[in-house]
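Scroll down for the structure; my scribbles are underneath it.
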Amino acid sequence: MTKLRTFLITALLAALPAYSPAASLQAYEKACQAGNGAACGEIGARYCAPWGVIDCEKGKEYLKKSCDLNVANGCGALASIYEKGYGGTPKSPETALKYYEKACDLGSPEYCYITGNRYKNGSTPAGANPAKALECFKKSCDAGMEDACRALNDLLDNSGI
């Protein structure tokens, strides 16, 4: 029985196509060129991931295309790059906020929460804006994000809004 099992597993593995990162990237490239924003975001993330930057400038181009195609995660990833300065990108709180806001506007509760925290804590170019923070936390809370609901309640209790 063990020999038969080993034979069957070996035969099955031999029949599977080999995984090729290059082929995978080519498939994403083709999908991105066809207007698939999620594919553009995947390529961008591969080029400019904080755990292994390959070519962050190229990655930002793909993430921007993803964001331009209204993919919230593409906008949020681009915001993170500008916020943290990944891959030699100069930090730009203004640019980061712009992309976080777009990701929020596209319906991402996570990025609404992040944006709300920026406005609550004053880590925006214009400083604190409790009304904007409230708006962002409400969107995120309405989508079911518990941390945002707590932040919303805290803001309402302590800001006088």
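Numbering starts at 1 and runs along the sequence shown.
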Look up atom [atom1] in [X] and atom [atom2] in [Y], then write down how far apart they are to the nearest 0.5 Å.
X: N117; Y: D147; atom1: CG; atom2: CG; answer: 9.0 Å
X: E110; Y: M145; atom1: CD; atom2: CE; answer: 5.0 Å
X: L97; Y: Y119; atom1: CG; atom2: OH; answer: 4.0 Å
X: Y28; Y: N36; atom1: OH; atom2: CG; answer: 9.5 Å
X: K64; Y: I81; atom1: NZ; atom2: CD1; answer: 13.0 Å
X: E61; Y: Y47; atom1: CD; atom2: OH; answer: 10.0 Å

Practice problem: Test Y100 against E83 for side chain to side chain contact (heavy atoms under 4.5 Å, CB included), laying out the working first. | Solution: CA-CA 10 Å; Y100 279 137; E83 180 182 33; 2.5 Å; yes
Can you name the closest pair of heavy atoms from [X] and [Y] and give their distance?
X: L63; Y: G44; result: CG-CA, 3.8 Å
X: P130; Y: L155; result: O-CD2, 3.6 Å
X: A103; Y: G76; result: CB-N, 3.9 Å
X: G74; Y: S66; result: CA-OG, 3.5 Å
X: K84; Y: K91; result: O-CE, 3.3 Å
X: P109; Y: S140; result: O-OG, 2.7 Å

Quiz item: Is any NZ, NE, NH1 or NH2 atom of the basic residue among E57 and K60 found under 4.0 Å from an Asp or Glu carboxylate oxygen of the other?
Solution: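 Answer for the salt bridge query: yes.
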Quiz item: Is D142 paired with K138 through a side-chain N to carboxylate O contact shorter than 4.0 Å?
Solution: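 Salt bridge present between K138 and D142.
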Exercise. Tell me whether Y111 is reachable from Y99 by hopping between hydrophobic residues (I, L, V, M, F, W, Y) whose side-chain heavy atoms are closer than 4.5 Å.
Key: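 No, Y99 and Y111 fall in different hydrophobic clusters.
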Quiz item: Any chance the SGs on C104 and C136 are under 2.5 Å from each other?
Solution: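 Answer is no: C136 does not pair with C104 in a disulfide.
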Please examine the side chains of [Y] and [X], heavy atoms only from C-beta on, and report whether any two atoms are closer than 4.5 Å.
X: R118; Y: K132; result: no
X: T124; Y: E94; result: no
X: V71; Y: C40; result: no

Exercise. Return the orientation label for the F137 and Y113 ring planes: parallel under 30°, perpendicular over 60°, tilted otherwise.
Key: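 Tilted.
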Practice problem: Decide side chain to side chain contact (heavy atoms under 4.5 Å, CB included) for K30 and Q26; before the verdict, give the C-alpha distance in whole Å, the side-chain angles of both, and the deciding distance to 0.1 Å. | Solution: CA-CA 6 Å; K30 186 174 181 180; Q26 287 174 346; over 6 Å; no
Practice problem: Determine, stepwise, if the pair C32 / Y62 fulfils side chain to side chain contact (heavy atoms under 4.5 Å, CB included). | Solution: CA-CA 8 Å; C32 178; Y62 280 106; 3.8 Å; yes
Exercise. Would you confirm whether K102, through its side chain, and C67, through its main-chain N or O, come within 3.5 Å as a donor-acceptor pair?
Key: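 Such a contact is found between K102 side chain and C67 backbone.
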Practice problem: Show your reasoning for whether side chain to side chain contact (heavy atoms under 4.5 Å, CB included) applies to K139 and D105. | Solution: CA-CA 9 Å; K139 285 181 185 179; D105 291 344; 3.3 Å; yes
Quiz item: Is there a donor-acceptor contact under 3.5 Å linking the side chains of D157 and N153?
Solution: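 Side chains of D157 and N153: no pair found under 3.5 Å.
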